[in-house]
Amino acid sequence: MSADLLARAMTATRVLDEAGRLLRGVETPDGAMLLDGYRRLILARRLNDQAGALVRQGRLAVYPSSRGQEACQIACATVLADRDWLFPTYRDAAAICARGVDPVEVLTLLRGDWHCGYDPVEHRVAPQATPLATQLLHAVGVAHAATLRGEDTVVMALCGDGATSEGDFHEACNFAAVFAAPVVFFVQNNKYAISVPLARQSVAPSLAAKAVGYGMPGIRVDGNDLAALNLVLGEAVARARSGGGPSLIEADTYRIEAHTNADDATRYRTDDEVAEWVARDPLSRLRTYLTGVGVLDESQEQEFAAQAEEMAAQIRAGVGAETSVNPDDLFAHVYTSLTPQLIEQRAALRNELTLEEAS
Amino acid sequence: MINELPKMTMAQAINAALRDAMTADESVVMFGEDVGTLGGVFRVTDGLTRDFGENRCFDTPLAESGIVGLAIGMAMNGMRPVVEMQFDAFAYPAFEQITSHVAKMSNRTRGRLRMPLVIRIPYAGGIGGVEHHCDSSEVYYAHTPGLTVVAPATNTDAYGLLRASIESPDPVIFLEPKRQYFSREEVDLTSAVPPIGRAVVRRPGRDATLIAYGPSVPVAITAAEQAAAEGRDIGVVDLRSIVPFDDETVCAEVRRTGRAVVVAESAGFASVASEIVARVTERCFHHLEAPIGRVTGFDIPYPPPKLERHFLPGVDRILDAVDALQWEPTAAPVMS
Amino acid sequence: MTLQTFTLPDLGEGLAEADLIRWLVDAGDTVAVDAPVAEVETAKATIEVPSPFSGVVAQLHGDAGATIAVGSPLISIDDGAGSAEEERTGSGNVLIGYGTTAGSPSRRPRGSRPTGDPATSTPSTPATAARDTTAHRSGSPNRPAVQSPIVRNLARNRGIDLESLVGTGPGGLITRPDVESATPSSDRTAAIAAAPDPQGSALAVGADADRRTGLPVRDRVPIRGVRKAIISTLTRSRAEIPDATTWVDVDATALFDWRTSLSERGEAPGVLAILARFVVAGLARFPELNARVDTDRQEIVLLDGVNLGIAAQTERGLVVPAVRDAHKLGMRGLHAEIKRLTAAAREGSVTAGELTSGSFTLNNYGILGVDGSAAIINHPEVAILGLGRIMPRPWVVDGAIVVRQIAQLSLVFDHRVCDGGTAGGFLRFVADAIENPMSALAEL
């Protein structure tokens, strides 16, 4: 294994330093693209905050926040073409919205109306589910099917640091590498799996370094640097698209909020640690850079804030709206056609509901 | 003029079904461990890679969860995968993928993402196998809503039901009674594809009904033949599908005879046989002369080869169970 | 502008209250949606609570330092476009969801549940109804549908052909009463102590021609009310009690003479009252015949005192009102009570309590003009004494044939509670008292 490959798996790629300055020797990123990326960061941040508030107001059952990880969320979605697929985890609502799905549809799952609120085929975004790493294999399957049919499709498969311990992570990486599937495995290493810190999750030199074992490139990147993420993820997608096979990208980032709203993070980490990472906020870093190079001004900030507020208002209205759930749906999609047993059971439930309404 | 039907083993019948399905629909692909070059440890996929190419029938790395997960993704992207779990118990690592995703994906996405895939599982015993190779785990799949569970008992049904399973838009667990891989029968490849979810009366009877599926069906038929020699007219119902269950056919038979015994190889406690007894009793209670009996394996891990014969439901045990169905020595006097 | 009150939402697992650390707004402040209005501390964490409404703060519910219960008002805001506030009680948010809700909804009405095959717990829908072919009709290919294997056995034991019955249960189900009221192929000698039922037999078989005989049906009498209760008691008695009968002829001449002498001095108690007095005395000596059989506890329960049932034939059927505490009444008292009860029975004004409180029954079927009867015990009593006609008959006294007033006493008893010795002893005691009332006085 070449030293260069290992180096890229260990040392995080960076474009902007933590003070928002362009690193020496790095190619200047496209300003207009980064400005749009910044706009999307604002929207993602507002989504996280608004969803969190909705939980505290009792309108959502739960919200696993990606606050602090917005750069990862935006980059992994925006490097994809329309014909590509995104496989999110339960924490990646912002990424799904960045892919163009209506936020209210995305939040349907968390409001408790149904298990998935958006059309996965229309948006080419897999449904969110709780099990960890299992969807990575599905991602490989989608990619491999495309290969067999000669179609141009890249699959962006997301997971966290905790998920890399699951067996399915290993199997997915191995299958993808053996089949040279056009998959980008994007690990958002936010340092915690609920309360379990990275040091207890893996003692690998880095998570990206695991790629060595599978025979595919592994690259570590600063997960709070949108410019670096665009660069690294863009490369990986291009490699997959040109038949170069899968990559494992590890983003170094941090989960600012607790696991979900009902988790108490003070039990397993210190406020000081959180404060350190707040100081590395991806939004402020990019703001500093873009302002410095004259691409971002006050009127654009206000414009972006207004967009975010408009989105937030739509989310509040959509999530707060009265919806009705139809008990018949319990039976409608278990099979393509209802079995005789499900027909009986649906009739029994309908009968109960009729009696309830009559009383 | 009726031509003689070809004789083939169940392995060959399944092979023919795979061939014909892959010919009819190019989105059908077959993969698993050792199914490609080797043609499968039971030669069920013999020649498929040679004839259809490695893009249609191929080997995967050794990872059952990976195999099923890959199939899920391929089904999401428009293909119809048929995968093989090499032996019944080897499917256990894939359980999460099967129960959390294969079974739930259609429901989760309101039918937008269907799973038209088939998981072929050689199951059950009677081959003198060492540990882990003879399990009957059908109840776990039967208990999982969203799965279709098919259990052919004859070679003709193995062909027909596999074709039906591959054509189904829903995911199917296809249970192949491995001891019958080698048994040769006349197979009618031209008969209509049997519908999934319909049982068949293999043998009508007047006095009692044996309800069985998979490898227990031939045993039940043998038992019924022996009983006939002893003066009892016993019928046999072959379920063919465990899920969906054919309440109508089974209950019509039991209502006619008033006496029934369920025969199944797996351990009896909390088994498919238990469910059959419960639902048939609920629906046929007022016609019953006796409680419905069960002849199943003991509640033990599958035994080693030398003790296997004590475990498997045999003809004698079945007929003992039939004898226990509260027969009358003579009929009650009838009003003249 | 409407006043919106925001209650303290659930903030974490199982928390029922929070301490208000400080307000972040004052009354009169304008707040925006999601602006934090208060800092609260729970057992788990310190949390800023955001406002769900925009508007002007009208009222703060509580001072800094107060403890506020989840679900109680936190802040009221004047808001033009109110939005619905959800109130939840229960565990509060859990890691992965809303958490539990408090209070279960009130019970909904129970639907009528069709019993019988198939799928007994689900109502029939068009889809399933189409496949319901299980109701038994004569001549259908299905075997008859019977309520339970026990009832099926009952039919078999009584020699009843199920095919001949029309079941009265849902869907034509053959029920236990259907079997119990059916006539088997062999005749039962089930004579009932009372007169033959003037309402006619309630056995109905087949359509409007009787299947067995081919004769047209003249009338169909529904089994209801008193008849139904009588049938139930008698059937149960026959089914449960292993009864035996013993009888004796008594010479009542001396009793008649004695009664005649009493009546010269005023109204004499009736024969039945006199007999009743002797019976009560006899039961004191033979208490087993005044008892209950408690099969659950496996006990024979001997009673202290007698409520004496007097069988009375009324227009509506046989009823047995009981003289309460008959052991405390003398002959005259018994006479008055018996008269009162039989009159009330005929009028239909006997109370339910009077009809069901007997411990022993006295049955004077002699007034119907018959001599003897193997009566049916009035379940749950254990014995019944019957008195037939008292008529002049040839009798042997001191070797000569004379004319005497002779009656037959018949005692039917539950053989579980005693043997022939006791039964015979009781019967003999009563017979002796009748035959020699003066000597009997010594025994009373």
Side-chain angles (χ1 to χ4, degrees), chain A residues 85 87 109 114-122 124 126-131 133-149 151 153 155 157 166-168 170-179 181 183 329-342 344, chain B residues 26-27 29 31 54-56 58-79 81 93-94 96-97 99-101 103-117 145-148 168-171 196-197 241 243-248 279:
Chain A
W85 273 81
F87 273 73
L109 161 65
W114 196 251
H115 307 303
C116 178
Y118 52 87
D119 182 339
V121 176
E122 180 192 333
R124 294 169 93 82
Q128 292 175 293
T130 298
T134 54
Q135 82 283 9
L136 300 179
L137 283 164
H138 311 165
V140 177
V142 168
H144 192 52
T147 301
L148 291 179
R149 298 218 299 259
E151 290 168 0
T153 304
V155 182
E166 286 278 4
D168 280 3
H170 159 72
E171 295 189 23
C173 288
N174 189 41
F175 270 53
V178 167
F179 292 126
V183 180
D329 283 350
L330 292 173
F331 309 97
H333 305 292
V334 179
Y335 298 97
T336 298
S337 324
L338 273 75
T339 62
Q341 290 77 16
L342 287 183
E344 270 179 21
Chain B
E26 62 179 27
S27 70
V29 292
F31 55 93
E54 274 198 0
N55 279 2
R56 300 291 304 281
F58 55 90
D59 290 330
T60 64
L62 213 164
E64 286 77 13
S65 181
I67 290 168
V68 175
L70 188 76
I72 292 168
M74 294 176 75
M76 286 169 73
N77 202 3
M79 308 202 76
E96 156 119 74
Q97 291 288 349
T99 53
S100 293
H101 299 297
K104 294 185 181 178
M105 190 66 77
S106 172
N107 189 57
R108 179 181 300 150
T109 61
R110 294 182 191 267
R112 286 300 283 141
L113 286 176
R114 293 203 197 282
M115 298 275 103
L117 55 88
L147 296 179
T148 300
S168 168
D170 295 321
I196 293 176
S241 297
V243 177
F245 186 84
D246 187 354
D247 285 313
E248 196 180 326
R279 65 192 308 110

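Reminder, nothing fancy here: chain letters follow the sequence lines and each chain counts from 1. Keep in mind it's a predicted model, so treat the numbers as computed, not measured.
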Exceeds 12 heavy-atom contacts within 6.0 angstrom, atom CD of A:Glu151: yes
Closest approach of B:Phe31 to B:Pro81 (non-hydrogen atoms, all atoms of both residues): CE2-CB, 3.8 Å
Option in B:Leu62, B:Leu147, B:Thr148 with maximal non-hydrogen atom pairs under 4.5 Å from chain A: B:Leu147
When A:Ala332, A:Ala145, A:Gly117, A:Ala143 are compared by non-hydrogen pairs under 4.5 Å with chain B, the top option: A:Ala145
B:Arg56 portion near chain A, given a 4.5 angstrom heavy-atom threshold: neither
Greatest number of heavy atom pairs closer than 4.5 Å to chain B - which of A:Val121, A:Thr339, A:Val140: A:Val121
Non-neighbouring partners of A:Arg124 that pass side-chain hydrogen bond (donor to acceptor under 3.5 Å, both in side chains), sequence neighbours left out: none
Near-ring test A:Phe179/B:Phe58, centroid separation under 6.0 angstrom: yes
For the student: nearest non-hydrogen atoms of B:Ser65 and A:Leu137, plus distance: O-CD1, 3.4 Å
side-chain hydrogen bond (donor to acceptor under 3.5 Å, both in side chains) evaluation trace for A:His138 with B:Gln97: CA-CA 10 Å; A:His138 311 165; B:Gln97 291 288 349; 2.7 Å; yes
Interface moiety of B:Ser27 toward chain A, non-hydrogen atoms closer than 4.5 Å: neither
Residue B:Met115 versus chain A: region with a heavy atom under 4.5 Å: neither
Interchain contact, A:Leu342 with chain B, by part (heavy-atom threshold 4.5 Å): neither
Under 4.5 Å from a heavy atom of chain A, the part of B:Glu64 involved: backbone
Smallest separation among heavy atoms of B:Arg108 and A:Cys116, with atom names: O-CB, 3.4 Å
With B:Ser241 via side-chain hydrogen bond (donor to acceptor under 3.5 Å, both in side chains) - residues at least two apart: none
Interface moiety of B:Val68 toward chain A, non-hydrogen atoms closer than 4.5 Å: neither
Heavy-atom pair count under 4.5 Å with chain A, highest-scoring of B:Leu113, B:Asn55, B:Asn107: B:Asn107
Contact winner vs chain A - B:Ser106, B:Pro171, B:Gly111, heavy-atom pairs under 4.5 Å: B:Ser106
Interchain contact, A:Ala146 with chain B, by part (heavy-atom threshold 4.5 Å): both
